[in-house]
Amino acid sequence: MKFLEYKAKGIFARYGIPVPRGVVASRPEEIRDPPLRAMVKAQVLIGGRGKAGGIRPADGIAEIRDVAGRILGMDIHGYTVRTVYVEERLDIEREMYLSFTIDRSARDTLLIASSMGGVEIEAVPHEQLFMEHVPALVGLHPYVLRALTRALGLEGHLAEKVADIARRSYDLYRAEDAELVEINPLVITKDHRVVAGDAKLVVDDNAEYRHLEYAKLDQDRTPLEEEAHAKGITFVQLDGDIGVIANGAGLTMATLDILNLKGGKGGTFLDLGGTDDPDRVAQAFEILIKAKPSVILLNIFGGITKADTVAQGVKRALDGMHATVPVVARIKGVNEDRAREILKGVGMHSADTIEEAAELAVQVRRGGV
Amino acid sequence: MKFLEYKAKGIFARYGIPVPRGVVASRPEEIRDPPLRAMVKAQVLIGGRGKAGGIRPADGIAEIRDVAGRILGMDIHGYTVRTVYVEERLDIEREMYLSFTIDRSARDTLLIASSMGGVEIEAVPHEQLFMEHVPALVGLHPYVLRALTRALGLEGHLAEKVADIARRSYDLYRAEDAELVEINPLVITKDHRVVAGDAKLVVDDNAEYRHLEYAKLDQDRTPLEEEAHAKGITFVQLDGDIGVIANGAGLTMATLDILNLKGGKGGTFLDLGGTDDPDRVAQAFEILIKAKPSVILLNIFGGITKADTVAQGVKRALDGMHATVPVVARIKGVNEDRAREILKGVGMHSADTIEEAAELAVQVRRGGV
Amino acid sequence: MSRTAVLLTRKTRLLVQGITGHQGTFHTRAMLDYGTKVVAGVRAGKGGTKVEGVSVYDTVREAVATKRANASIVFVPAPFANDAILEAIEGGVGLVVVITERIPFHDALEFVPYARSKGCTIIGPNCPGIISPGQSKAGIMPSHIFSAGDVGVVSRSGTLTYEIVNEMTRAGFGQSTCIGIGGDPIIGTNTVEALALFQKDRATKRIVVVGEIGGTAEEEAAEFIKKHVTKPVVAYVAGRTAPAGKRMGHAGAIIQGTRGTAESKVKAFADAGVPVAEYPRDAAALLGST
Amino acid sequence: MSRTAVLLTRKTRLLVQGITGHQGTFHTRAMLDYGTKVVAGVRAGKGGTKVEGVSVYDTVREAVATKRANASIVFVPAPFANDAILEAIEGGVGLVVVITERIPFHDALEFVPYARSKGCTIIGPNCPGIISPGQSKAGIMPSHIFSAGDVGVVSRSGTLTYEIVNEMTRAGFGQSTCIGIGGDPIIGTNTVEALALFQKDRATKRIVVVGEIGGTAEEEAAEFIKKHVTKPVVAYVAGRTAPAGKRMGHAGAIIQGTRGTAESKVKAFADAGVPVAEYPRDAAALLGST
């Protein structure tokens with residue numbers, strides 16, 4: 001789960017992390033009582049807003065509304081700006097970087113900090129990064145914070161403030177099941193406050209059941225992905241036109257790769273998982289059909305999965321939606337012959353291997369079959 | 001740090017563990033608004049109150065005051081009752097046992113429970129005990145509580161209540177740096193409440209700095225031990241008459257043992273620790289002299305400890321208190337010759353080994369020297 | 001005759017946590033049919049009953065004490081899985097196979113290092129389990145596609161592995177042990193650790209690594225192979241066409257910025273002298289040329 | 001010539017945490033004088049300074065990176081000791097000797113198992129440290145009473161051990177390594193673990209165990225000796241006259257109910273065929289007859 005900046009900042013504030021004062025709006029005239037020396041910031045779930053012109057200064061209510069009006073509706077890397085955040089403009093003395101994230105290799109949490117803030121962390125040279133693991137079994141102890149503030153060259157009150165923000169960020173990271181808590185830039189103002197200039201928060205989708213309050217947030221999903229998510233279906237929209245559906249994430253990825261090697265391009269990643277419940281299969285196919293693929297490529301390798309009930313689900317969806325989209329299927333599993341029978345009834349093309357199925361799908365798309 | 005029952009129950013209540021309603025008093029006439037069906041309970045830091053007659057039922061204010069008057073001032077295993085706790089008398093359906101304590105061998109926390117409550121846990125047969133470790137690194141998880149309530153033969157609401165009390169007891173154990181959190185009996189009342197019938201709490205002395213609010217509690221110490229504790233001196237009063245002082249806990253114990261083998265009996269355990277600061281030594285000796293020993297046996301094995309400054313401290317204390325108690329000393333360490341000189345000046349007897357020193361102390365005590 | 005294998009042999013005494021659920025019951029039957037010594041099931045409140053002829057206990061400790069179980073397979077739903085896994089670790093089993101998917105990784109950040117500190121091996125979470133063909137299966141994979149042999153297989157995915165193993169079996173390359181290490185970002189046994197086990201195992205002569213996008217497990221595996229693996233290794237990497245920033249089904253299968261791409265993984269294997277199959281079925285063919 | 005020893009040898013590169021304190025500075029000098037390779041000190045805020053010629057760093061990580069320290073000795077006061085110990089463990093040293101006394105045992109309940117999970121050995125807390133005579137000292141014991149030899153000494157106490165070792169040295173029984181395991185209830189390395197190290201160590205031919213009342217370390221040691229120790233062992237137990245329920249100086253030296261008595265410990269040793277000295281000085285004499 002990703003969070004728009006203003007929502008992330010709301011959560012940060014709950015943990016006592018200082019954030020600038022701000023107001024949110026989806027139309028210029030909604031902006032009331034904003035900070036009068038402001039930054040107007042596009043709220044989109046993608047980086048690079050600043051360079052794209054999505055973050056601009058404005059002074060006074062009139063200019064703020066004017067600038068907001070120009071930012072609202074902008075397209076930033078494919079994302080339409082529907083919300084702006086009008087925030088107190090900070091007098092920046094120094095910008096730093098601070099984040100907690102998961103280190104998969106070390107199977108541990110990684111604290112990353114840098115005295116180079118306000119830029120993409122990937123662009124910061126390795127020797128400019130402070131990195132320290134924070135093991136979940138013992139938690140964040142003062143020695144890490146001492147090393148952190150030392151690496152940032154901070155002393156006295158500023159060191160204490162940054163250490164405190166780091167401690168609170170880690171609490172947030174743990175308690176909110178975050179994958180990423182990032183403050184970039186972490187700003188020292190000219191009047192010696194330490195404030196989260198930006199706030200990025202990504203929460204583990206698998207922990208949604210522990211944070212039901214987040215379930216309805218704006219997500220980085222297309223409307224169809226959102227619909228699939230609501231139904232518990234693993235679905236990603238891609239930029240090709242062949243609808244790929246398979247069982248298992250790895251197999252679905254491999255099917256897309258093979259399709260590509262055969263000259264086709266996948267328009268969907270749809271992982272049926274282990275299900276052979278015809279109702280679930282039908283639901284998944286409905287999503288798939290709504291994605292308007294030119295052809296559907298179905299690849300089931302079901303050692304245990306019952307192929308015939310999968311086929312029933314496919315048939316049910318095609319019939320129910322009066323869909324005429326051609327289906328190329330490669331089905332292996334229990335009752336695979338019966339499955340082929342059922343799908344032949346809806347005009348399905350059949351293949352023995354993924355490779356053949358992929359080739360066939362490409363041919364069908366070209367109108368060659 | 002040990003706690004009188006009513007103080008322990010106050011802390012238990014803070015953690016949401018149900019305790020009976022009660023009032024505390026040090027004189028019968030102080031008892032106001034007590035539960036009218038009551039148990040009057042002697043508040044002493046020693047077990048076996050019940051058998052000694054320190055816990056008695058009483059009904060109505062008159063009888064309660066009368067019974068309290070008889071309990072106050074009682075001597076229970078050497079402890080004078082200065083406080084009574086007048087508590088709601090429970091209608092007991094069942095008594096159980098629950099505790100969290102430290103398991104030194106396993107270097108872990110041990111949860112002990114039994115469906116035999118209200119008796120000394122040492123007397124309960126091993127097969128009647130439920131025991132499960134609770135590792136600090138991961139904490140108390142539901143599987144432990146499920147096993148616990150199952151072992152106690154509980155189901156439904158009662159199981160939930162007991163699991164909840166166990167969870168809260170563990171929280172208390174961790175947060176209060178407890179060595180022991182014991183509820184014995186843990187009572188199920190006839191109206192299906194689950195209540196801590198008694199409450200025992202022992203907090204790690206080493207964690208006193210994290211719990212300064214406990215520093216002034218009644219402790220299981222003699223007044224002289226209390227005085228020593230306040231001065232940071234490690235001192236235990238024993239029932240012999242020879243004042244033993246040494247440096248290091250193990251060496252002090254060994255000195256007491258050797259004294260015993262030589263026919264003497266130690267009256268004090270006084271561990272000087274690593275200090276050779278004459279002021280600290282003098283303070284320790286003052287405590288020792290107040291214990292009125294017939295002889296003092298001083299044993300210093302100081303590889304690094306400066307023997308002469310230790311001797312200066314001894315002299316200062318003896319001079320300052322005009323004490324005439326004979327001192328037998330065995331001193332090894334830096335400047336040990338100079339130390340002997342100093343102590344010879346105050347009439348000290350000197351020995352080369354602990355064994356000789358112990359023998360000499362016994363002789364001196366018998367007037368043989 | 002006793003054969004060696006990695007982690008799981010015919011002697012392994014398995015208990016099933018969550019045996020009374022649909023999946024638990026179904027796969028208990030399937031594992032029994034395969035010859036796995038499923039000695040006990042665990043489900044609080046169902047102690048004393050039987051599932052597929054297997055005695056059910058209320059706690060892991062009872063199951064271990066009564067039936068000398070030394071491994072566990074976990075089917076318990078995600079919200080209760082952490083508890084079940086800790087119960088298994090504390091109960092003293094040496095191997096815990098976690099089938100459950102969608103466990104929050106913050107839970108794994110605790111139970112994975114804790115298991116390690118107790119000398120307990122975790123496989124998964126979110127994995128198909130482990131099978132030593134002809135000996136035992138602690139997992140949900142279709143048994144009939146496997147055959148006993150000398151190829152060790154380590155994989156981040158389920159059905160894709162079945163596809164590859166099926167082809168291997170048809171081509172005559174039987175398997176010593178197949179470990180589905182799982183598709184989550186935090187897993188108990190990673191690719192490098194599985195490789196180390198196969199390198200040591202006498203029954204394993206060759207190794208297949210099935211990787212996918214996300215993280216750097218394959219890059220680390222390639223590095224490890226260069227330094228420590230003397231047995232021939234072939235690899236397949238899924239997700240060559242996956243876009244950046246999208247989670248491809250597995251919680252761990254995501255390209256983040258420029259990290260975790262298939263190109264990087266394929267290149268790392270190539271640099272380590274590990275042939276990488278273009279199509280899944282080619283893995284078996286590549287094995288033939290090692 | 002390189003000699004074996006337990007845990008600490010002349011090659012050990014020691015860092016001192018809390019080097020700028022009175023005790024830290026004093027014992028840094030003493031350890032240097034003994035020949036210990038004290039390669040660095042750590043004290044936050046004092047990085048860049050020197051103590052007794054030893055470079056001080058702000059963090060353990062810097063000290064390890066710059067000076068390749070592989071062991072640490074902790075003099076940091078109790079309220080900050082947990083933090084210092086965790087810093088040492090995470091900093092990657094393999095041995096942490098904790099001199100600090102009065103550390104709450106709830107802290108030790110965390111750092112002791114955590115150290116173990118990271119393959120780090122903790123000695124202490126509340127201990128005099130460890131010395132391999134003639135090689136190195138990571139501790140606060142008076143150096144001059146020790147002599148190199150073949151007796152391993154494990155002890156829960158400080159000065160009492162000096163007394164015993166002094167007598168051993170006079171009687172010609174030099175020591176391979178002496179480990180003061182500490183007087184706290186929760187310690188990083190216990191008597192059994194020290195015995196296991198001595199049993200394995202080629203430089204150790206005989207062993208002295210110095211025990212005291214409280215807990216069951218000696219009973220477990222006796223059991224372990226019976227089963228696993230082939231080298232001769234003699235013992236001493238302090239506290240035969242200690243009353244029940246009183247803490248005798250060490251946090252761990254307390255008879256609780258009927259548990260932890262000297263009688264029980266002496267009996268356990270006798271049952272295991274371990275001679276128990278009546279007087280501390282007798283330990284040396286008993287060694288002569290083993």
Side-chain angles (χ1 to χ4, degrees), chain B residues 46 102 104-105 107-109 120-122 135-137 173-175 177-179 204-210 220 225 234 236-240 246-261 265-266 269-271 273-274 299-305 332-334 353-355, chain D residues 26 30 78-79 101-106 108-110 112-114 117 140-145 155-163 166 183-187 190 210 212-217 220 236 238-243 245-253 257-258 262 278-281:
Chain B
I46 189 133
I102 173 180
R104 295 165 56 148
S105 304
R107 287 175 279 210
D108 221 338
T109 295
E120 289 267 318
I121 193 67
E122 285 81 6
L137 291 184
Y173 169 82
R174 288 288 293 169
D177 279 296
E179 280 175 38
D204 183 4
D205 286 325
N206 287 347
E208 201 176 288
Y209 74 90
R210 296 204 277 231
D220 184 15
E225 285 172 356
T234 305
V236 178
Q237 256 178 318
L238 305 171
D239 55 3
N247 61 333
L251 188 62
T252 313
M253 276 190 272
T255 307
L256 282 160
D257 293 350
I258 290 165
L259 179 64
N260 187 61
L261 286 166
K265 199 148 189 222
F269 168 98
L270 205 160
D271 171 13
N299 182 21
I300 299 293
F301 191 97
I304 287 161
T305 309
K332 287 197 85 72
V334 182
T353 67
I354 320 182
E355 291 80 1
Chain D
F26 180 87
E101 53 183 27
R102 301 189 64 77
I103 296 176
F105 77 85
H106 276 270
L109 281 178
E110 288 185 25
V112 164
Y114 187 67
S117 81
I140 60 171
M141 55 285 273
S143 310
H144 64 275
I145 61 170
S155 172
R156 285 170 66 185
S157 102
T159 41
L160 172 59
T161 309
Y162 309 161
E163 185 85 44
N166 189 50
D184 275 0
I186 303 291
I187 51 179
N190 63 24
V210 182
E212 64 185 29
I213 55 160
T216 53
E220 286 146 26
Y236 177 79
R240 297 193 190 209
T241 56
K246 292 284 188 180
R247 216 171 277 282
M248 303 302 272
H250 286 153
T258 57
E278 207 165 29
Y279 295 93
R281 60 185 308 140

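Computed over heavy atoms, backbone and side chain alike; hydrogens, waters and symmetry mates excluded. Every chain is numbered from 1 and lettered A, B, ... according to where its sequence line falls, protein lines coming before strand lines.
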- Item | For Ala178(B) against Phe105(D), the heavy-atom pair lying closest together | O-CZ, 3.2 Å
- Item | Contact summary for Glu179(B) and Asp205(B), nearest pair of heavy atoms | OE2-N, 4.5 Å
Closer than 3.5 angstrom, by distance alone: can the side chain of [X] be matched with the main-chain N or O of [Y] as a donor-acceptor pair?
| X | Y | result |
| --- | --- | --- |
| Asp257(B) | Arg240(D) | yes |
| Thr159(D) | Asn247(B) | yes |
| Arg107(B) | Ile187(D) | yes |
| His106(D) | Ala175(B) | no |
| Asp271(B) | Thr234(B) | no |

- Report the C-alpha separation of Tyr279(D) and Ile258(B) in whole Å, then their side-chain angles, then the decisive distance to 0.1 Å, and conclude whether the side-chain contact (heavy atoms from CB on, under 4.5 Å) test is met. CA-CA 7 Å; Tyr279(D) 295 93; Ile258(B) 290 165; 3.7 Å; yes
Taking side chain as everything from C-beta outward and backbone as N, CA, C, O, which of these in [X] sits under 4.5 Å from a heavy atom of chain D? Side chain, backbone, both or neither.
| X | result |
| --- | --- |
| Ile300(B) | neither |
| Ser105(B) | both |
| Asp108(B) | backbone |
| Leu238(B) | side chain |
| Arg174(B) | both |
| Glu122(B) | neither |
| Lys265(B) | neither |

Engaged part of [X] at the chain B interface, taking heavy atoms whose separation is under 4.5 Å:
| X | answer |
| --- | --- |
| Arg247(D) | both |
| Thr241(D) | both |
| Glu163(D) | both |

Would you mind telling me which of [options] has the largest number of heavy-atom pairs within less than 4.5 Å of chain B?
| options | result |
| --- | --- |
| Ile103(D), Thr216(D), Thr161(D) | Ile103(D) |
| Ala253(D), Pro185(D), Ala238(D), Ala251(D) | Pro185(D) |
| Asn166(D), Val112(D), Ile145(D) | Asn166(D) |
| Met141(D), His250(D), Met248(D), Glu110(D) | Met248(D) |
| Thr258(D), Asp184(D), Ile213(D), Asn190(D) | Asn190(D) |
| Pro280(D), Gly183(D), Pro79(D), Ala242(D) | Pro79(D) |

- Message: Check the orientation of Phe301(B) and Tyr162(D). Use parallel for under 30°, tilted for 30 to 60°, and perpendicular for over 60°.
- Response: tilted
- Interface check, chain D: of Ile354(B), Val236(B), Leu256(B), Leu137(B), most non-hydrogen pairs under 4.5 Å belong to Leu137(B)
- Message: As an exercise: rank Glu208(B), Glu225(B), Met253(B) by heavy-atom pairs under 4.5 Å with chain D and give me the winner.
- Response: Met253(B)
- Under the side-chain contact (heavy atoms from CB on, under 4.5 Å) test, residues paired with Glu101(D) that sit two or more places apart: Asn126(D)
- Task: Answer yes when Arg104(B) and Glu220(D) have at least one side-chain N-carboxylate O distance shorter than 4.0 Å, and no when they do not.
- Result: no
